[in-house]
Amino acid sequence: MKFSNYIRLSALACLMVGFTGCTDFLKEEIYTEYDPDGMLQDQSGLDALLTGAYARSRIIEYNSRNYTFLMNEFPTDIAFETGGGLERDAYPFINFSWAVDNSFLNSFWGKMYEAVASANSVLNVTDGLTGISEENLKSAQGEARFIRAVSYYYLLNLFGPTPIIEIPKNATPDEIEEIGKSTPRASQEEFVKYLVDDLTFAAEYLPVEENPIGKATKGAALSVLTKLYMHEKDWEKAAATAQKVIDLNYYSLYADYKKMFSVEGEDNKEYIYRAPCIAQAGYHNNYMPHAFPPNYPIQTNWINFGAQFRTYTAFYDTFEAGDARTEVLITHYTDQNGEEVELLRDANGNALDDVRSFKYWPDPNASGENNGNDIVYIRYADILLCRAEALNELNGPNAESISLINQVRQRAKVADIVLGDYPTKESLRDFILAERGREFFSEGLRREDLIRHGKFISNAIERGKNAKPYHVLYPIPQRQREANPNLAQNPGYEGAE
């Protein structure tokens with residue numbers, strides 16, 4: 001079940017922004033000097049403080065649209081956007097022309113550091129706290145360290161290593177401000193070790209069961225750790241950590257791929273880490289209004305945006321006939337005027353690049369743009385394919401990798417692959433990359449997958465984009481460098497400032 005008191009707790013979290021936000025070094029204003037220890041007389045106070053950290057870390061509504069699609073899918077070979085007021089903002093990401101002062105990048109940087117600040121506040125007030133059991137204290141610290149680590153991981157995915165911000169207990173606002181304005185970026189080694197330590201601690205003290213939905217768990221911590229090791233191409237640790245997730249015997253592939261992403265199907269054991277959404281402004285998933293094609297026969301309680309998220313015909317063509325995953329890819333429809341509309345190819349066979357992904361199947365009880373579909377960050381299929389990929393990098397084509405891939409393909413109702421068809425590490429590597437595209441489209445994983453496989457830039461060039469090697473990272477936002485002169489810019493962007 002979802003948070004039964006999600007709205008109440010989220011509202012409390014909003015009130016607590018002032019209490020936990022003093023570490024938001026990205027803004028010069030000083031918040032309140034309220035002492036959060038006063039709220040921590042019992043477990044409910046600690047839970048409320050954690051709810052504030054969760055609320056800040058959630059990548060939902062327009063933050064999800066921007067991070068998942070603009071930043072991580074539109075620069076790839078899966079999807080792009082045209083139309084509406086968003087077209088101007090999406091264009092730089094589609095065409096590799098983003099600027100150092102891009103407002104979306106700056107906003108996401110700020111959001112993640114607000115989540116880090118909130119998690120740090122939890123850790124500071126739990127240090128030496130009495131009146132709460134040691135078990136509950138460790139669990140709360142595990143949640144806070146998970147929130148901090150996953151926020152840093154998203155920053156790493158976009159920008160590379162960023163500053164590690166820790167605020168001493170009882171620091172004054174001036175001291176906090178100075179830390180924020182002077183801390184340089186961590187080295188890659190320092191940054192990765194910091195995340196590994198946080199996630200290892202979280203995995204030790206968090207429960208296996210996700211209760212309520214969206215709460216950090218042992219599996220979520222191990223899964224983010226797996227993704228971190230994949231990012232670093234530490235194949236041995238990636239394979240071993242993925243196996244730990246599998247060995248929990250808690251997760252499984254959901255039988256119905258199409259239903260899994262619907263409101264009806266979100267009670268599943270495939271989602272490992274997700275954001276719970278409800279059909280209410282501020283707590284919602286607003287993907288589908290961007291996916292409906294023009295004049296699509298929507299329900300009266302739905303809305304169709306002018307901004308249109310479109311899937312490339314060439315990507316659709318990578319699926320085999322009968323692949324169940326194409327059930328959420330709309331290639332034609334009858335519009336509200338009764339006219340048949342094709343989205344895959346025109347009458348001459350030319351690609352229209354207008355397929356629509358209905359992956360987050362429309363919520364029948366949506367309210368305008370507000371859909372209640374939970375947004376998934378990591379699911380079990382990802383862990384299976386991560387282990388398959390890591391084992392191939394370690395040992396070349398092997399029976400276990402083939403078996404793991406086939407588990408995912410069997411759910412898609414396509415034929416098993418055979419080990420003998422992949423004689424080299426390179427051949428199986430290419431297949432895994434293609435399979436990940438078919439499995440995780442509309443989930444924001446394609447950019448990181450292409451980068452890991454060394455194909456992000458070459459793939460873009462093949463599609464006619466002016467992509468450069470340094471585009472594997474986004475620029476450190478100019479506003480952040482103005483606030484902190486010790487922030488070094490990513491190579492390739494220095495002359496653009």
Parallel under 30°, tilted from 30 to 60°, perpendicular over 60°: which one fits the rings of Phe441 and Tyr257?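 Correct class here is tilted.
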What is the ring orientation for Tyr493 with Tyr470, classed by angle as parallel under 30°, tilted 30 to 60°, or perpendicular over 60°?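 Perpendicular: the ring planes of Tyr493 and Tyr470 meet at over 60°.
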Given 3.5 Å as the limit, does a donor-acceptor pair link the side chain of [X] with the main chain of [Y], or not?
X      : Y      : value
Lys227 : Cys386 : no
Arg274 : Asp374 : no
Asp323 : Phe319 : no
Asp449 : Gly437 : no
Arg185 : Pro161 : yes
Thr318 : Phe315 : yes
Asn406 : Ile402 : yes
Thr226 : Leu222 : yes
Ser64  : Glu61  : no
Glu264 : Phe261 : no

Does a donor on one side chain sit under 3.5 Å from an acceptor on the other, for [X] and [Y]?
X      : Y      : value
Gln188 : Glu232 : yes
Gln480 : Asn484 : no
His453 : Glu389 : yes
Tyr271 : Glu210 : no
His284 : Glu369 : yes
Arg438 : Tyr316 : no
Arg310 : Thr82  : yes
Thr162 : Tyr113 : yes
Asn392 : Lys425 : no

Check whether any side-chain heavy atom of Tyr154 sits under 4.5 Å from a side-chain heavy atom of Tyr152, and report yes or no. no
Would you check if Val100 and Gln489 make a side-chain contact, meaning some heavy-atom pair closer than 4.5 Å?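 Yes, side chains in contact.
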Donor-acceptor pairs under 3.5 Å, side chain of residues 415-424 to any protein atom, not counting sequence neighbours: which ones?
{"residue": "Asp416", "atom": "OD1", "partner": "Gln410", "partner atom": "NE2", "Å": "3.1"}
{"residue": "Asp416", "atom": "OD2", "partner": "Gln410", "partner atom": "NE2", "Å": "3.2"}
{"residue": "Thr424", "atom": "OG1", "partner": "Ser427", "partner atom": "N", "Å": "3.1"}
{"residue": "Thr424", "atom": "OG1", "partner": "Ser427", "partner atom": "OG", "Å": "3.1"}

Distance check, rounded to the nearest 0.5 Å: [X] atom [atom1] versus [Y] atom [atom2]?
X      : Y      : atom1 : atom2 : result
Asn398 : Leu428 : CG    : CG    : 7.5 Å
Asn106 : Lys111 : CG    : NZ    : 14.0 Å
Arg325 : Ser357 : CZ    : OG    : 13.0 Å
Asn63  : Phe104 : CG    : CZ    : 10.0 Å
Asn286 : Asn370 : CG    : CG    : 8.0 Å

Taking the six-membered ring of [Y] as reference, does the cationic atom of [X] (NZ for Lys, CZ for Arg) lie under 6.0 Å from its centre and within 45° of its axis?
X      : Y      : answer
Lys215 : Tyr54  : no
Lys259 : Trp361 : no
Lys138 : Tyr205 : yes

Identify each donor-acceptor pair in which a side-chain atom of residues 69-79 lies under 3.5 Å from a protein atom, sequence neighbours left out, and give them as a table.
{"residue": "Asn72", "atom": "OD1", "partner": "Asn157", "partner atom": "ND2", "Å": "3.4"}
{"residue": "Asn72", "atom": "OD1", "partner": "Arg447", "partner atom": "NH1", "Å": "3.2"}
{"residue": "Asn72", "atom": "ND2", "partner": "Tyr67", "partner atom": "O", "Å": "2.8"}
{"residue": "Glu73", "atom": "OE1", "partner": "Ser442", "partner atom": "N", "Å": "3.1"}
{"residue": "Glu73", "atom": "OE2", "partner": "Ser442", "partner atom": "N", "Å": "3.0"}
{"residue": "Thr76", "atom": "OG1", "partner": "Glu73", "partner atom": "O", "Å": "2.6"}
{"residue": "Thr76", "atom": "OG1", "partner": "Ile78", "partner atom": "N", "Å": "3.3"}
{"residue": "Asp77", "atom": "OD1", "partner": "Arg446", "partner atom": "NE", "Å": "2.9"}
{"residue": "Asp77", "atom": "OD2", "partner": "Arg446", "partner atom": "NH2", "Å": "3.0"}
{"residue": "Asp77", "atom": "OD2", "partner": "Asn459", "partner atom": "ND2", "Å": "3.0"}

Using ring-ring contact (aromatic ring centres under 6.0 Å, His included) as the criterion, list what pairs up with Phe292, not counting sequence neighbours. Tyr296, Trp302, Phe358
Quick test of your reading of the model: are [X] and [Y] salt-bridged, counting only N-O distances below 4.0 Å?
X      : Y      : value
Arg379 : Glu270 : yes
Glu320 : Arg409 : yes
Asp430 : Lys455 : yes
Arg148 : Glu166 : yes

Can you tell me if CZ on Phe96 sees more than 12 non-hydrogen neighbours from other groups inside 6.0 Å?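 Correct, the count exceeds 12.
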